[in-house]
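In what follows, a single structure is set out as structure tokens and then discussed.
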Amino acid sequence: MVGEFVLRSATEVNKLLWYTFNTLVDSHDGTAHISTLKVLISSLGRVLGFQKSEELLNIEGRTNIDFPLFCDIIDHELLQVIRNAPPTDSVEDPYELYRLCWNIFHDHHFTKSEFNLYKTSEQNLFKMWMIFILLSEDNENGVPSGPPEIDREEMAILFRSFVSISGLTVLEDKIQELEAASGNLRFVEFKDMFIGLFGSQLGDSDFEYYLTKVFELYINDIFQKGMLCKRGYQVKHWKDRWFVLRKNCLKYYTNMQEKELKGCINIVKDCRIEVVSDKGGTKPNRFIIHTSSKPYECSAADSRTRAEWVSALNLAIGKCEDPDFHYHKHQSKQRQAKRREKKKREQEEVQKKMADEETLRRLQEEYNERHRQDELRLQEQIEALEAEKLVREDLESRLLREAALREVEKRRMRELEEVKKELQRLLEEERQAKRDEEIVRQLQASLLEEESQKREELERLRHEQEELLRQERQEREGLEGVREKQESLLREAQDRLQQLEVERQAANAELQEASSKLERAEKDRIIAEAKMKLWKTPTIGLARPVLPKYDPFITHRGEGAFCDKDFKKRSVGKEHLDEETKEKRVEPKNQVKVSEVEPTADDNGSSDDKLNDDVSNDVDKNIEIPDKPKRRGLSDSQNKALENHVTGDTSLETELRIVE
């Protein structure tokens with residue numbers, strides 16, 4: 001295993017040291033004793049050419065250190081000094097540091113029986129371990145936080161390289177299946193998968209041979225391997241050659257066993273690659289390698305193979321002067337960067353998704369809170385309406401009880417008034433009727449006022465509900481349940497309004513009844529007063545009443561005993577008296593017609609006529625026909641019925657006729 005591979009990367013050294021450090025670490029606190037680590041760092045200094053490297057761990061006050069501090073000492077105190085040191089002529093074994101760490105690691109973790117179980121040698125495990133370290137994932141700070149792991153994509157690329165060299169193409173489906181699985185692999189898992197996949201298909205010698213080829217491909221940094229057809233420079237014949245491209249040279253052999261070397265092309269900055277277009281009668285997929293000495297014309301099997309070779313040759317020409325460039329590690333780093341970028345994008349998408357979900361959750365919580373507050377406000381409004389309804393029902397029941405009490409009081413007063421005189425009873429009924437009318441008017445006024453207040457309250461509630469519905473509809477369409485509840489409240493309010501309208505009509509009926517009672521009481525009073533006047537007027541029989549005299553004569557002795565009418569004839573005076581009586585008996589509209597009372601057949605006819613005239617005049621003076629009544633709260637039909645009832649005089653004339 002001789003090659004040009006030299007390890008100088010701090011990240012690679014830290015991955016190697018992780019296995020060694022964890023072999024020596026104390027399992028309780030994750031630290032290692034400085035005395036043990038001095039032996040390790042002394043061996044590292046010996047391998048890397050650094051004398052007395054154990055003095056780097058002389059730290060005052062500390063007996064144990066952890067892995068990050070140990071890596072920091074190695075990176076800054078040991079590797080940095082070695083990088084800055086001038087080059088020496090001594091030959092350095094490129095695998096000595098690997099071998100040192102591997103010996104400490106495998107002696108502690110593997111036994112000879114395990115090697116027999118794996119059906120492979122310790123040397124094969126060492127090769128796998130070196131390839132694993134080369135392709136394993138790097139930490140961002142360069143210090144592994146755990147055991148190194150290899151990504152399944154890198155594992156699949158390595159397995160496909162083994163398949164292309166060994167020809168086991170039947171394992172491609174299995175490789176795809178392993179690549180599609182999730183999770184990175186540690187070395188033990190990688191080793192078991194590698195041996196389990198290829199060890200079962202190959203014998204021990206074949207497995208070791210192809211593993212060595214893969215090891216040389218990755219560790220010795222072979223850019224490209226493959227069969228090309230080369231054209232001779234002097235003898236223009238095409239011959240198949242096995243080409244192996246490294247960073248500084250392109251070697252070609254007679255076959256893929258790489259035993260008979262036919263030539264070597266030095267790769268320098270002056271080299272140039274030319275792609276030749278295909279022409280009839282020549283080899284297809286040709287390209288020319290121009291060097292300072294001569295050109296080399298080659299032909300690939302297909303255009304894809306030619307593109308791979310041209311790309312690899314151009315990369316080798318570009319990196320031929322860079323001593324630290326490693327092709328496979330460079331490719332692995334690029335793939336790791338792409339995976340990190342992809343993982344970063346996925347994490348950003350996950351974070352964005354989580355942020356969106358958090359925003360959505362917060363908006364949902366705010367919406368639920370607003371919805372809960374709206375429901376609470378609606379519940380409070382419903383409770384307020386229910387409380388108002390209970391208060392209103394209590395008030396109505398109280399009014400009904402008071403009305404019942406007033407009715408009982410009225411009956412009691414009527415029972416007491418029946419004992420009194422009829423005139424006092426009539427007068428008291430009149431006063432009671434007036435009080436009833438006033439109470440009914442007040443009740444009607446209060447009902448109307450309450451009705452107007454309820455209308456205003458209902459209108460306000462309706463406006464508020466409409467505003468709430470509008471706001472709620474803007475915020476969230478679909479709250480049909482709230483709208484139905486509000487419509488139910490509006491219907492209840494309308495039902496209550498209709499109930500108030502029925503109550504108002506009942507109050508109007510009571511007012512009409514009271515007005516009728518008042519009118520009957522007024523008529524009874526007039527009839528009673530007429531009766532009283534009739535009873536108080538003495539009966540004079542055939543005697544004629546002494547009429548007043550008019551305009552007595554004035555003499556020197558004072559007023560005379562006669563007037564000018566005494567000197568008139570009796571017949572003339574009687575005719576004049578009859579004319580005056582007729583004028584007085586002219587009946588105006590809506591007054592009692594006393595002349596329609598039929599005279600009796602007694603001899604005192606003139607006396608009865610005179611009495612009828614007096615009664616008629618008294619009735620005309622006392623009965624005042626009221627104006628057409630207009631009661632507030634009554635409909636036009638009710639007012640018209642009341643007017644007809646008041647202006648109708650047939651019943652009064654009949655009562656007067658009966659009394660006389």
Side-chain angles (χ1 to χ4, degrees), residues 382-461 489 491-529 626 629-646 651:
I382 293 174
E383 291 176 357
L385 290 174
E386 290 292 336
E388 184 180 355
K389 182 179 178 181
L390 293 175
V391 172
R392 188 166 57 250
E393 291 177 353
D394 185 38
L395 180 61
E396 291 173 357
S397 62
R398 192 181 305 130
L399 290 175
L400 291 174
R401 288 195 299 271
E402 291 177 358
L405 291 175
R406 283 196 297 271
E407 188 66 27
V408 171
E409 187 67 24
K410 290 177 185 179
R411 288 198 300 270
R412 186 178 302 167
M413 292 296 294
R414 284 196 297 269
E415 291 175 358
L416 293 175
E417 289 172 356
E418 289 177 357
V419 183
K420 297 180 181 180
K421 295 180 182 181
E422 188 174 358
L423 184 58
Q424 292 178 350
R425 181 183 61 80
L426 294 174
L427 292 175
E428 190 64 22
E429 286 181 354
E430 179 182 359
R431 296 193 188 100
Q432 183 65 28
K434 288 182 178 180
R435 285 195 297 269
D436 292 343
E437 181 181 8
E438 187 65 22
I439 291 171
V440 172
R441 286 178 180 175
Q442 292 178 359
L443 180 59
Q444 182 185 18
S446 64
L447 289 175
L448 291 175
E449 183 67 19
E450 182 182 359
E451 178 183 0
S452 63
Q453 292 178 359
K454 296 303 178 183
R455 284 179 181 272
E456 293 175 357
E457 182 67 14
L458 290 174
E459 285 294 324
R460 185 181 63 80
L461 288 175
L489 291 177
R491 287 195 296 272
E492 290 178 2
Q494 290 176 353
D495 295 340
R496 177 58 189 157
L497 184 61
Q498 293 177 1
Q499 184 178 359
L500 290 176
E501 181 67 23
V502 173
E503 292 177 359
R504 185 182 65 79
Q505 294 177 2
N508 290 336
E510 293 178 1
L511 177 61
Q512 182 178 358
E513 182 180 357
S515 299
S516 301
K517 291 179 180 180
L518 183 61
E519 291 170 2
R520 288 195 298 272
E522 182 70 21
K523 291 179 182 180
D524 293 342
R525 185 184 63 80
I526 294 171
I527 294 171
E529 289 179 357
K630 291 287 186 178
R631 303 299 182 186
R632 187 175 62 179
L634 300 180
S635 61
D636 294 338
S637 60
Q638 292 173 344
N639 284 319
K640 187 173 181 181
L642 180 60
E643 177 185 351
N644 295 334
H645 182 72
V646 173
S651 59

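Take R398 and apply the salt bridge (Lys or Arg N to Asp or Glu O under 4.0 Å) test, not counting sequence neighbours, and it matches D394. Take Q499 and apply the side-chain hydrogen bond (donor to acceptor under 3.5 Å, both in side chains) test, not counting sequence neighbours, and it matches R496. Remark: K389 pairs with no residue by the salt bridge (Lys or Arg N to Asp or Glu O under 4.0 Å) rule, at least two apart or across chains. With sequence neighbours excluded, the residues forming a side chain to side chain contact (heavy atoms under 4.5 Å, CB included) with Q453 are E449, listed by chain and number. Evaluation of the side-chain hydrogen bond (donor to acceptor under 3.5 Å, both in side chains) rule for E402 yields no partner, not counting sequence neighbours. With sequence neighbours excluded, the residues satisfying side chain to side chain contact (heavy atoms under 4.5 Å, CB included) with K410 are E407, R414, Q432, D436. For the side chain to side chain contact (heavy atoms under 4.5 Å, CB included) test, residues two or more places apart in sequence or in another chain that qualify with E409 are R412, M413. The side-chain hydrogen bond (donor to acceptor under 3.5 Å, both in side chains) test applied to E450 returns no partner, not counting sequence neighbours. Scored by the salt bridge (Lys or Arg N to Asp or Glu O under 4.0 Å) test, D495 finds no partners at all (sequence neighbours excluded). Not counting sequence neighbours, E492 has no partner by the side-chain hydrogen bond (donor to acceptor under 3.5 Å, both in side chains) test. E513 is linked by a salt bridge (Lys or Arg N to Asp or Glu O under 4.0 Å) to K517, counting only residues two or more places apart in sequence or in another chain.
Taking CZ of R455 as the reference point, atom CG of L497 lies at 4.5 Å (rounded to 0.5 Å). For the atom pair CD1 (I439) and CG (L443), the distance works out to 9.0 Å, reported to the nearest 0.5 Å. Separating the CG atom in L518 from the CG atom in L511 is a distance of 10.5 Å, to the nearest 0.5 Å. Between the OG atom of S446 and the CD atom of E451 there is a distance of 11.0 Å, given to the nearest 0.5 Å. Here CG of L390 is found 11.5 Å from CD of E383. Values are rounded to the nearest 0.5 Å. One finds the CG atom of L399 at 7.5 Å from the CG atom of L447 (value rounded to the nearest 0.5 Å).
The shortest distance between side-chain heavy atoms of L489 and L385 falls below 4.5 Å. Side-chain contact between E393 and S397 is absent, with no heavy atoms from C-beta onward closer than 4.5 Å.
Salt bridge status for E457 with R460: present, with a side-chain N to carboxylate O gap under 4.0 Å. A salt bridge is absent between R411 and E415: the closest approach of a Lys/Arg side-chain nitrogen to an acidic carboxylate oxygen does not fall below 4.0 angstrom. With respect to the salt-bridge test (charged N to carboxylate O, under 4.0 angstrom), the residues E522 and R525 qualify.
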